[in-house]
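In listed order, ligands and their atoms are each counted from 1. Starting from 1, each residue takes its place in the sequence as its number.
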Amino acid sequence: MGLSGSSGRLHVTIDVGRVRADTPGCEHVVHFNNAGSSLPPRQVTDAVVDHLRLEERVGGYEAAAAALDRSERTYDALAELVGADRDEIALVENATRAWDMAFYSLPWKPGDRILTSRAEYASNAIAFLQTARRHDVRVEVVPDDESGALSVEALRDMIDERVKLIAVTHVPTQGGLVNPAAEIGAVAREAGVTFLLDACQSIGQSRVDVREIGCDLLSATGRKFLRGPRGTGFLYCSRRMLDRLEPPFLDLHAATWTSADSYEVRGDARRFENWEGYVAGKIGLGVAADYALSLGLDAIEERVTGLAGALRGRLAAIPGVTVHDRGARRCGIVTFTVDGHDSRDVAARLSAAKVNVSVSAAYSARWDFEARALPSLVRSSVHYYNTEDELDRLCEALPSA
Ligand SMILES: Cc1ncc(COP(=O)(O)O)c(C=O)c1O
């Protein structure tokens, strides 16, 4: 970490040499699949492996008891990361399960309306459609503004007393767009409507503060920009919403069996968890959150958006390459196509050159792909440990149009 300054304002910057030294994967690949799963820092891997070794030596339950401080730290670290309190955090397997536990807790009645974004992730859209079928609720996609983000004005116009939920993806899986979460939160608060934010792709690459945004519920995953272990995720549920939401599944961790025919749901967000869990992963997730906090979220965002902007510039200058990212505010996800080449072939060619990217296709965000008549896209997602030289390596390995 270092300090740099202009016009008297000092800010922390990322020490790229240090974060690369912490990231063994940097020696082996050029990794631009951070929106899929980042290269973890060795601190995260060590924490996971150390706990698995402890389980091997003393037994799983005994290891969990011995490491209780470490697994409990994860709640504090994640609470700090999103500006919440620790009892508003639930640790679950992934972002989808976090989102589902929140969404399927809502008490639906016929005629309720769900307002959502066009960029929505497939799993969320499928859950909307299932709920629409089951409960006769309406799913309505808020139009985009001219930049390609959800139009806050259109959202405001669509509000009425039947709107039960605003559910929006902060950063979509298929592009560099950042939806205006705080402006959406302001509309939701004004209307008294529950706001569920899918922050799966924004957590770890930018500052995401639940109080500033004003969301009631937020879902996120461990393995993407947060650089945590696979199989980890978390849900933020505001204290205000806790008593109003009974999870779709309960077990003896989420609730207490109080008499032969009664039970009591926990008072904190752990009502959305289940008893058995991946303790090593939970510990690793906390280490990943602490790692991000130690670098500083503003410094992370500045570096990630800087590198992504540089990549878009380089790609746009290559004949036959089209960059597809939209939105007035953009993030570390860069999507593009190369004329005359299927994106899967482009990704395979990059992979052969030891450059990891992924491909985004219609199945992951059908509303957006169809509205924009998009083919499959090469998704190149940068992180703060990437370098300008790596951007060049990607561009040089592209097939010519
Ligand atoms: C926007 C968005 N939401 C949710 C998810 C699901 O995350 P997970 O695979 O951790 O359940 C993804 C995964 O790519 C995503 O991009």
Side-chain angles (χ1 to χ4, degrees), residues 32-38 40 78 82 90-104 116-128 141 148-150 166-181 184 195-206 208 213 215 217-236 272-274 277-278 281-282 284-285 288-289 304 324-327 330-335 347 356-369 374 376-383:
F32 290 124
N33 190 13
N34 297 290
S37 188
S38 284
L78 293 173
V82 299
L91 302 182
V92 292
E93 299 91 315
N94 51 56
T96 304
R97 181 43 50 94
W99 191 95
D100 281 344
M101 287 303 274
F103 178 73
Y104 284 101
T116 187
S117 71
R118 199 176 78 185
E120 211 63 13
Y121 188 61
S123 300
N124 305 354
I126 291 167
F128 295 146
V141 176
L150 176 140
I166 298 172
V168 171
T169 293
H170 197 189
V171 165
T173 190
Q174 72 280 12
L177 167 78
V178 183
N179 265 322
I184 295 167
F195 177 23
L196 165 58
L197 185 68
D198 175 346
C200 184
Q201 294 288 6
S202 50
I203 286 287
Q205 66 159 312
S206 59
V208 178
I213 290 172
C215 55
L217 300 152
L218 174 147
S219 54
T221 209
R223 73 184 181 283
K224 296 182 186 286
F225 288 94
L226 194 50
R227 309 182 68 200
R230 293 201 66 175
T232 64
F234 70 96
L235 173 70
Y236 154 77
F272 298 103
E273 297 182 347
N274 50 64
Y278 173 30
K282 283 183 181 175
L285 179 63
V304 169
H324 293 277
D325 303 318
R326 306 186 75 202
R330 294 185 188 173
C331 65
I333 300 180
V334 178
T335 52
N356 293 344
V357 295
S358 61
V359 174
S360 275
Y363 71 84
S364 65
R366 187 164 295 285
W367 291 332
D368 193 37
F369 273 84
L374 286 174
S376 295
L377 306 173
V378 182
R379 184 179 71 177
S380 167
S381 41
V382 306
H383 218 323

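Relative ring orientation between Trp367 and Phe128 is described as parallel, the plane-to-plane angle staying below 30° on a 0-90° scale split at 30° and 60°.
Closest heavy-atom contact between Val304 and Gly332: CG1-CA, 3.4 Å. Minimum interatomic distance between Cys331 and Leu177 (heavy atoms only, all atoms of both residues): SG-O, 4.2 Å.
Nearest protein heavy-atom neighbour of atom 9 (O) of ligand 1: Arg223 NH2, 2.8 Å. Atom 14 (O) of ligand 1 has as its closest protein heavy atom Lys224 NZ, 2.9 Å. The protein heavy atom nearest to atom 5 (C) of ligand 1 is Tyr121 CE2, 3.3 Å. For atom 11 (O) of ligand 1, the closest non-hydrogen atom of the protein is Thr96 OG1, 2.5 Å. Gln201 NE2, 3.0 Å is the protein heavy atom nearest to atom 16 (O) of ligand 1. Looking from atom 3 (N) of ligand 1 to the surrounding protein, the closest heavy atom is Asp198 OD2, 2.6 Å. Of the protein's non-hydrogen atoms, the one nearest atom 10 (O) of ligand 1 is Thr221 OG1, 2.5 Å.
The side-chain heavy atoms of Asn179 and Ser117, taken from C-beta on, include a pair separated by under 4.5 Å. Under the 4.5 Å side-chain criterion, counting only non-hydrogen atoms from C-beta, Val141 is in contact with Thr116.
Counting heavy atoms closer than 4.0 Å to ligand 1, residue Thr169 contributes side-chain atoms (C-beta onward) but none from N, CA, C or O. Under 4.0 Å from ligand 1, heavy atoms of Thr173 appear from its side chain as well as its backbone. In Ala95, the parts holding a heavy atom less than 4.0 Å from any atom of ligand 1 are both the side chain and the backbone. Neither the backbone nor the side chain of Arg97 comes within 4.0 Å of ligand 1, counting heavy atoms alone.
Partners of Tyr121 by ring-ring contact (aromatic ring centres under 6.0 Å, His included), not counting sequence neighbours: none found. Under the ring-ring contact (aromatic ring centres under 6.0 Å, His included) criterion, His383 pairs with Phe225, Tyr385, not counting sequence neighbours.
Interface atoms of ligand 1 facing Val171, defined by a heavy-atom separation under 4.0 Å, are 1 (C).
Side-chain contact annotation: Thr335 with Asp325, donor-acceptor N/O pair under 3.5 Å present.
Considering backbone and side-chain atoms together, Asn124 places no N or O closer than 3.5 Å to any N or O of ligand 1.
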